[in-house]
Amino acid sequence: MRSIKQSFSFSLLIATLALTLFSCQSKTPRIYKSEYDKTLTERESQAASKRTDSLGALLSVIRYEIATENTKDFEDGIIPWASLEKPEEDIPHLVDKDKIVIPDHHVTVIIDYPLNKEYRFELTSPSGFTRELLLREISKHYYQLYQEEEETAKTKTVPIKERKELYNRNQTDGKYGIWGHDIADLVLTEIMVYKNSEGKILLQLGVDS
């Protein structure tokens with residue numbers, strides 16, 4: 001009789017442990033698409049607000065427009081953005097691509113989207129800057145910073161084909177903390193040209209996804 005009780009108690013203990021383990025596993029946090037979409041929306045809003053911060057006196061706004069024959073989607077025949085992933089495809093159709101839009105010889109470009117920590121780089125041109133030159137350089141530096149992010153991140157980018165719960169790019173924890181978007185998502189709509197109190201020219205980018 002004693003052995004039966006012991007056997008029953010042991011079985012009950014095993015069952016209790018199994019139930020507890022299952023319960024704990026079922027409560028393991030998971031990031032569902034709806035939760036991620038909410039976080040992404042909040043980040044997008046914060047990024048948009050950040051772009052309005054004053055960097056000095058606003059000198060001009062450089063628009064990026066691509067001529068297109070697709071009047072079904074673009075009634076005026078103009079696409080109001082240029083690709084950062086494949087600028088070479090848009091440049092032949094870039095409106096006023098050779099026009100000098102910044103006569104200064106040295107500028108600082110600020111990239112802060114979609115980054116937690118901004119990336120800055122310097123550009124020098126003896127003859128000033130055209131839309132084409134700026135687009136090419138900005139695209140090149142986006143590729144560079146995405147590569148640096150991947151090399152320095154412990155949490156790597158989930159490949160697109162493996163994104164089951166998430167559609168957008170996951171946030172990584174590298175040098176810049178990129179979130180939400182791959183380069184393929186990004187387009188350049190405009191560049192805001194500022195002059196600060198020290199006389200330096202700062203370029204704030206209007207990048208959308």
Side-chain angles (χ1 to χ4, degrees), residues 37 40-41 43-53 55 58-115 118-150 157 160 163 167-169 176 178-195 201-209:
D37 287 345
L40 189 59
T41 299
R43 287 186 177 275
E44 296 285 3
S45 179
Q46 293 170 359
S49 298
K50 185 176 181 181
R51 292 179 202 161
T52 63
D53 292 345
L55 295 173
L58 179 62
L59 301 182
S60 63
V61 178
I62 304 165
R63 311 288 183 187
Y64 274 79
E65 299 178 327
I66 306 298
T68 179
E69 295 180 357
N70 179 8
T71 54
K72 179 181 179 180
D73 298 318
F74 304 95
E75 294 182 0
D76 57 357
I78 293 294
I79 301 173
W81 63 73
S83 171
L84 286 171
E85 180 195 21
K86 299 177 180 179
E88 66 280 356
E89 294 183 2
D90 282 345
I91 285 174
H93 311 288
L94 179 60
V95 176
D96 291 332
K97 66 185 180 71
D98 297 321
K99 180 180 179 180
I100 298 294
V101 288
I102 301 177
D104 302 82
H105 305 315
H106 185 84
V107 299
T108 300
V109 183
I110 303 169
I111 297 178
D112 58 16
Y113 179 83
L115 285 63
E118 70 178 27
Y119 172 103
R120 294 192 178 202
F121 66 95
E122 310 293 319
L123 281 179
T124 300
S125 174
S127 57
F129 298 89
T130 64
R131 283 182 174 83
E132 177 181 351
L133 174 59
L134 290 170
L135 178 58
R136 288 187 184 278
E137 290 296 326
I138 292 167
S139 173
K140 181 175 71 176
H141 280 271
Y142 257 102
Y143 274 97
Q144 181 175 319
L145 74 87
Y146 267 74
Q147 181 178 345
E148 288 181 22
E149 175 74 8
E150 196 68 16
T157 307
I160 294 176
R163 297 176 192 173
Y167 174 78
N168 293 88
R169 180 189 186 281
Y176 305 105
I178 298 175
W179 53 270
H181 299 289
D182 303 293
I183 294 180
D185 299 335
L186 305 179
V187 294
L188 180 64
T189 61
E190 62 186 14
I191 298 175
M192 286 73 76
V193 184
Y194 292 89
K195 187 174 185 179
I201 302 299
L202 304 176
L203 306 187
Q204 181 79 46
L205 308 182
V207 176
D208 286 341
S209 55

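Residue numbers start at 1 and run along the sequence shown.
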Does any part of the side chain of [Y], heavy atoms only, come nearer than 4.5 Å to the side chain of [X], both counted from C-beta?
X: Y64; Y: T189; result: no
X: R163; Y: N168; result: no
X: F129; Y: V107; result: yes
X: P87; Y: I138; result: no
X: L203; Y: I102; result: yes
X: I110; Y: L55; result: yes
X: F74; Y: T71; result: no
X: L186; Y: E85; result: no

With rounding to the nearest 0.5 Å, note down the distance linking [atom1] in [X] to [atom2] in [Y].
X: I79; Y: I66; atom1: CD1; atom2: CD1; answer: 7.0 Å
X: R120; Y: I111; atom1: CZ; atom2: CD1; answer: 11.5 Å
X: L188; Y: L134; atom1: CG; atom2: CG; answer: 8.5 Å
X: T157; Y: D182; atom1: OG1; atom2: CG; answer: 7.0 Å
X: I62; Y: L205; atom1: CD1; atom2: CG; answer: 10.0 Å
X: E118; Y: Q204; atom1: CD; atom2: CD; answer: 8.0 Å

Would you indicate whether E88, at its atom CD, is surrounded by more than 12 heavy atoms from other residues, nucleotides or ligands within a distance under 6.0 Å?
-> yes

Would you confirm whether [X], through its side chain, and [Y], through its main-chain N or O, come within 3.5 Å as a donor-acceptor pair?
X: D96; Y: K99; result: no
X: R169; Y: D185; result: no
X: D90; Y: S83; result: yes

Given side chain to side chain donor-acceptor pair (under 3.5 Å), test Y176 with E148 step by step and report yes or no.
-> CA-CA 8 Å; Y176 305 105; E148 288 181 22; 2.7 Å; yes

Can you check side chain to side chain contact (heavy atoms under 4.5 Å, CB included) on L115 and L145, steps first, answer last?
-> CA-CA 10 Å; L115 285 63; L145 74 87; 4.1 Å; yes

For Y113 and Y142 the tightest heavy-atom approach is O-OH, 2.6 Å

For the residue pair H181 and P114, what are the closest heavy atoms and their distance?
-> CB-CG, 4.1 Å

Listed once per pair and sorted, the side-chain hydrogen bond (donor to acceptor under 3.5 Å, both in side chains) pairs that draw on residues 122-141, sequence neighbours left out = H106-E122, H106-T124, T108-E122, Y119-H141, E132-R136, E137-K140

Working for side chain to side chain contact (heavy atoms under 4.5 Å, CB included), residues L202 and V109 | CA-CA 6 Å; L202 304 176; V109 183; over 6 Å; no

Results of ring pair (Phe, Tyr, Trp, His ring centres under 6.0 Å) for Y143 - residues two or more places apart only = none

